[in-house]
Amino acid sequence: MNLSPLPPSEPQIPASLPRHTLSVIVPMYNEAENVEPLLDRIHLALEPYPWPWEVVLVDDGSTDATPSELKRCAAIRGPHVRVIQLRRNFKQTAAMQAGIDAARGSVIATLDGDLQNDPIDIPRMVGRLLDEDLDLVAGWRKDRQDNQLRKIPSRIANRLIARMTGVHLRDYGCSLKVFRGSTIKSVRLYGEMHRFIPAWLATVTTPRRIAQEVVTHHARVFGQSKYGISRTFRVVLDLIFVYFFMRYRTRPGHFFGGIGIALGALGGLILAYLAGIKFFLGESIGTRPLLFGGLFLVIAGVQMVTSGVLAELLARVYYEFSGTHAYLADEASSPGKDECWHLPASGKEDEKP
């Protein structure tokens, strides 16, 4: 066993866990050095788990030795460790969706593959999810082991997201989350939307069924962070779409129509003013820049009301009803047989939920 570089900790399984199955999803991209230590850590945390569990490792088109390491370690650990290999780098959101699609557990946990999240927190979070009848328990990295360059923008983003979405969490960026399987499978993730999963869940469940839990956070030991300052701009764009979808998904015409009416009204006022000058004062308006500005605003207003609404509705229909995914995986890495679970130590078939 390749000993994990993380501080030692003992698994803490809640005294009474309701019957369920657990799927642990880990998207990985160029994390070859972290594969074996991560699996060691997961097994340390879940070896005494009283119910069946599995690990779904998603290789997001890695260009280093991650794919071979995943296959090697999965072969050693057994069929409850499954590998989904994407054909290219589709980014973290698509990789996470691939893992959710492949997961068979009634409870689904997600975490990063960089060893900064600690699987030791998963049983406690699962216990809270089931005992309090929640749909999501999100990790809160209260003692975050990152530099200030990453923490300050993250804090600003967390407050902005909470204010705009109405889902008040202290840490949207933590990948360590535990979901009720039926709930997370009812939403689809696209683009860079993994940061907004709590907000997406709020479109299908009440925010009262979403909670947060303080979790352990470690400094990165191997590899390099995949996030740069450019993610700030993507977050802003995605936040605009999340805001639109949460408030206007059943009435998109109100959103685009409101902007279109405002632009059209401004353009109409300009054209009315110019018409007054033309017909009452007899002045020429054909060469005035204001005329072109007014016409442009009217056209833009009409376009906002029509093409914007149609584009958004068509995008949702395309993804949700055509069965199209935001990723493409090799058939050879498709989910295995239903019996490939890590069973409790007793191994009794009647303990399977």
Ion pair check, D171 and K142, cut-off under 4.0 Å
no

Output the distance between atom OG (S186) and atom CZ (F179), rounded to the nearest 0.5 Å.
11.0 Å

Could you grab the distance from atom CG of L129 to atom CZ of R209, nearest 0.5 Å is fine?
8.5 Å

Do you know which two heavy atoms are closest between M125 and A138, and how far apart they sit?
CE-C, 4.1 Å

Note, V215 side chain near N117 side chain (heavy atom, < 4.5 Å)
no

CG of D135 to OG1 of T183: how many Å apart, nearest 0.5 Å?
3.5 Å

Salt bridge check, D131 against R128: does any charged N sit closer than 4.0 Å to a carboxylate O?
no

From L134 CG over to I210 CD1, what is the distance, rounded to the nearest 0.5 angstrom?
9.5 Å

How close do V298 and G264 get, counting heavy atoms only, and between which atoms?
CG2-O, 4.0 Å

One should read off an interatomic distance between W140 CH2 and L169 CG, to the nearest 0.5 angstrom, of 10.5 Å

Heavy-atom closest pair, residues T66 and E31:
OG1-N, 2.9 Å

Once you round to the nearest 0.5 Å, how far does CD of Q85 lie from CG of L70?
8.0 Å

On the six-membered ring of W200, is R188 placed so that its NZ or CZ lies under 6.0 angstrom from the centre and within 45° of the ring axis?
no

I'd like to check L38 versus L111 (side-chain heavy atoms, cut-off strictly below 4.5 Å). Are they in contact?
yes

Non-hydrogen atoms of D118 and R41 that approach each other most closely:
OD2-NH2, 3.1 Å

Give a yes-or-no answer on whether the side chains of Q92 and D112 include a donor-acceptor pair shorter than 3.5 Å.
yes

Compute both the distance and the angle, then confirm whether R288 meets the cation-pi test with F292: under 6.0 Å from the six-membered ring centre, within 45 degrees of the axis.
no

Identified side-chain contact (heavy atoms from CB on, under 4.5 Å) counterpart of M96 within the set I197, V58, V26
I197

Can you confirm whether K185 is buried at NZ, in the sense that more than 12 heavy atoms of other residues, nucleotides or ligands lie under 6.0 Å from that atom?
yes

In sequence, state the C-alpha distance, the side-chain angles, and the governing distance for H342 and E47, and then conclude on side-chain contact (heavy atoms from CB on, under 4.5 Å).
CA-CA 9 Å; H342 185 288; E47 197 66 44; 3.2 Å; yes

As a quick check of understanding, evaluate salt bridge (Lys or Arg N to Asp or Glu O under 4.0 Å) for E54 and R82, giving each step before the final call.
CA-CA 8 Å; E54 66 174 354; R82 298 159 50 201; 2.6 Å; yes

Apply ring pair (Phe, Tyr, Trp, His ring centres under 6.0 Å) to residues W53 and H20 and explain how you reach the verdict.
CA-CA 9 Å; W53 56 275; H20 66 283; over 10 Å; no

Between D60 and K91, does at least one N-O distance fall below 4.0 Å, as a salt bridge requires?
no

